[in-house]
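Have a look at the structure below before the remarks.
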Amino acid sequence: DTEVTQTPKHLVMGMTNKKSLKCEQHMGHRAMYWYKQKAKKPPELMFVYSYEKLSINESVPSRFSPECPNSSLLNLHLHALQPEDSALYLCASSQERGQGEKLFFGSGTQLSVL
Amino acid sequence: SQKIEQNSEALNIQEGKTATLTCNYTNYSPAYLQWYRQDPGRGPVFLLLIRENEKEKRKERLKVTFDTTLKQSLFHITASQPADSATYLCALDSGAGSYQLTFGKGTKLSVIP
C-alpha cells in the first residue's frame, strides 16, 4: 500500500464551525506533514511530525491545530477559520524526516471557508 | 534570502518533442533536489531525486541534471505526450539540518497533440 488517504475530499465550512481533516498512511512512515496550497502557488509547509512528535510548526495560526494520534494517522483540527484560509490542504508522509526523503502526498482536501 | 525560481509559469510544446524545464536557486546549498508532478486538484507525485554529487539522473523518458556551480537543475521529458501535461515542481531541502522541502512555484506544461 503506497497511498496516503485524506478525508474529506471537499469541505465547506462557516467561520464559526469546527471541523477536522484526516490523513492516513500504512507504509510504516515515521514522518508526516501538513501543507497548504493556494491556487497557482507552491505547497507551503505548515507542520511536521516525526515519530508522532511535533517537530516543526511554521508559525501557523492557532486556529489550525494538528494532532498525531498514532504513527499512521494525522489530523488537522480547524476552528474559527477565515475566508483566506480557503485552500487545498495536503497531507504527506516520508519514511523518516531527513535529507533526501521523498514525500508521498495524499490527494488533498479542498477547503472553502464562507 | 533563499529563492527557488522555475523559469516559466507555462510551457507549450508539440507532442513528440523534448520538454525542458528549469529550476534555479539562490542562497541554498542543497544536498538533494527533487522533482514532482502535480495534476489539478491533486497532490504532488514524486518523480526523481538527484544528489549534489550526481550530474545526471534518468528514469524512462525523464532526465534531470544538477549543476551546483550554476545553481540550476534542468528537467527533460523526451518524446513528450499529451498525458505529460501537468505542473512540474522542483523542491529543495531548506538546509541547515531543517530537513524540510521548499517547493518552487512550478511550470505548467501543456503538450499539444
Side-chain angles (χ1 to χ4, degrees), chain A residues 2-11 21 23 25 27 29-51 54-60 87-112, chain B residues 2-10 21 23-25 28-54 57 59 62 64 66 73 86-109:
Chain A
T2 57
E3 271 195 2
V4 174
T5 305
Q6 287 188 247
T7 55
K9 291 196 183 309
H10 302 276
L11 179 62
L21 309 185
C23 175
Q25 58 88 13
M27 294 178 278
H29 289 174
R30 303 319 300 259
M32 295 186 78
Y33 310 76
W34 281 114
Y35 279 83
K36 172 182 176 179
Q37 187 176 26
K38 302 277 266 183
K40 299 193 178 184
K41 299 285 187 187
E44 291 179 354
L45 184 66
M46 299 174 73
F47 302 104
V48 181
Y49 274 84
S50 179
Y51 287 84
L54 183 65
S55 57
I56 292 178
N57 174 344
E58 287 288 348
S59 304
V60 179
L88 181 67
Y89 288 84
L90 294 162
C91 173
S93 69
S94 63
Q95 199 156 356
E96 298 280 344
R97 183 181 158 240
Q99 278 190 324
E101 289 289 338
K102 62 186 181 187
L103 300 188
F104 291 76
F105 283 87
S107 290
T109 295
Q110 188 66 57
L111 174 67
S112 297
Chain B
Q2 294 176 324
K3 231 172 156 184
I4 304 171
E5 286 180 351
Q6 294 194 240
N7 61 326
S8 49
E9 217 174 282
L21 285 63
C23 176
N24 295 299
Y25 58 90
Y28 276 97
S29 295
Y32 301 84
L33 188 146
Q34 303 186 26
W35 283 89
Y36 288 77
R37 169 186 171 139
Q38 187 172 23
D39 291 286
R42 311 279 295 187
V45 174
F46 172 80
L47 295 175
L48 281 168
L49 177 152
I50 187 163
R51 294 174 173 78
E52 62 177 341
N53 60 354
E54 295 175 320
K57 202 81 170 276
K59 179 183 171 185
L62 309 180
V64 172
F66 193 12
S73 174
T87 295
Y88 292 86
L89 303 160
C90 72
L92 299 177
D93 189 300
S94 296
S98 64
Y99 305 140
Q100 40 194 95
L101 276 186
T102 301
F103 287 85
K105 285 186 178 177
T107 296
K108 185 176 179 182
L109 175 68

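Any value given below was found using the heavy atoms of this structure, including those in side chains, with hydrogens, waters and symmetry copies removed.
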Original post:
Which value, rounded to the nearest 0.5 Å, describes the distance between B:Tyr36 atom OH and A:Phe105 atom CZ?
Top reply: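 That separation rounds to 6.0 Å.
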Original post:
What distance do B:Leu49 atom CG and A:Glu101 atom CD have between them, rounded to the nearest 0.5 Å?
Top reply: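 One gets 9.5 Å once the value is rounded to the nearest 0.5 Å.
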If you count every heavy atom of other residues, nucleotides or ligands that lies below 6.0 Å from [X] atom [atom1], does the total exceed 12?
X	atom1	result
A:Glu96	CD	yes
B:Arg42	CZ	no
A:Glu44	CD	no
A:Glu58	CD	yes
A:Lys41	NZ	no
A:Lys102	NZ	no

Original post:
Under a 4.5 Å cut-off applied to non-hydrogen side-chain atoms, are B:Ile4 and A:Pro42 in contact?
Top reply: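 Contact flag for B:Ile4/A:Pro42 side chains = no.
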Original post:
Side chains of B:Pro44 and A:Leu90: does their closest heavy-atom pair fall under 4.5 Å?
Top reply: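 Yes, their side chains come closer than 4.5 Å.
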Subject >> Interchain contact, A:Leu103 with chain B, by part (heavy-atom threshold 4.5 Å) >> reply: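 For A:Leu103, heavy atoms of backbone and side chain both lie under 4.5 Å from chain B.
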Subject >> Part of B:Gln38 lying under 4.5 Å from any heavy atom of chain A >> reply: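 Just the side chain, heavy atoms under 4.5 Å.
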**OP:** Let me know if B:Phe103 has heavy atoms under 4.5 Å from chain A in its side chain, its backbone, both or neither.
**Re:**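 Its backbone and side chain both get close to chain A.
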**OP:** Considering non-hydrogen atoms only, spot the tightest contact between A:Pro43 and B:Leu89 and give its length.
**Re:**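 Looking at all heavy atoms of both residues, the closest pair is CD-CD1, 4.2 Å.
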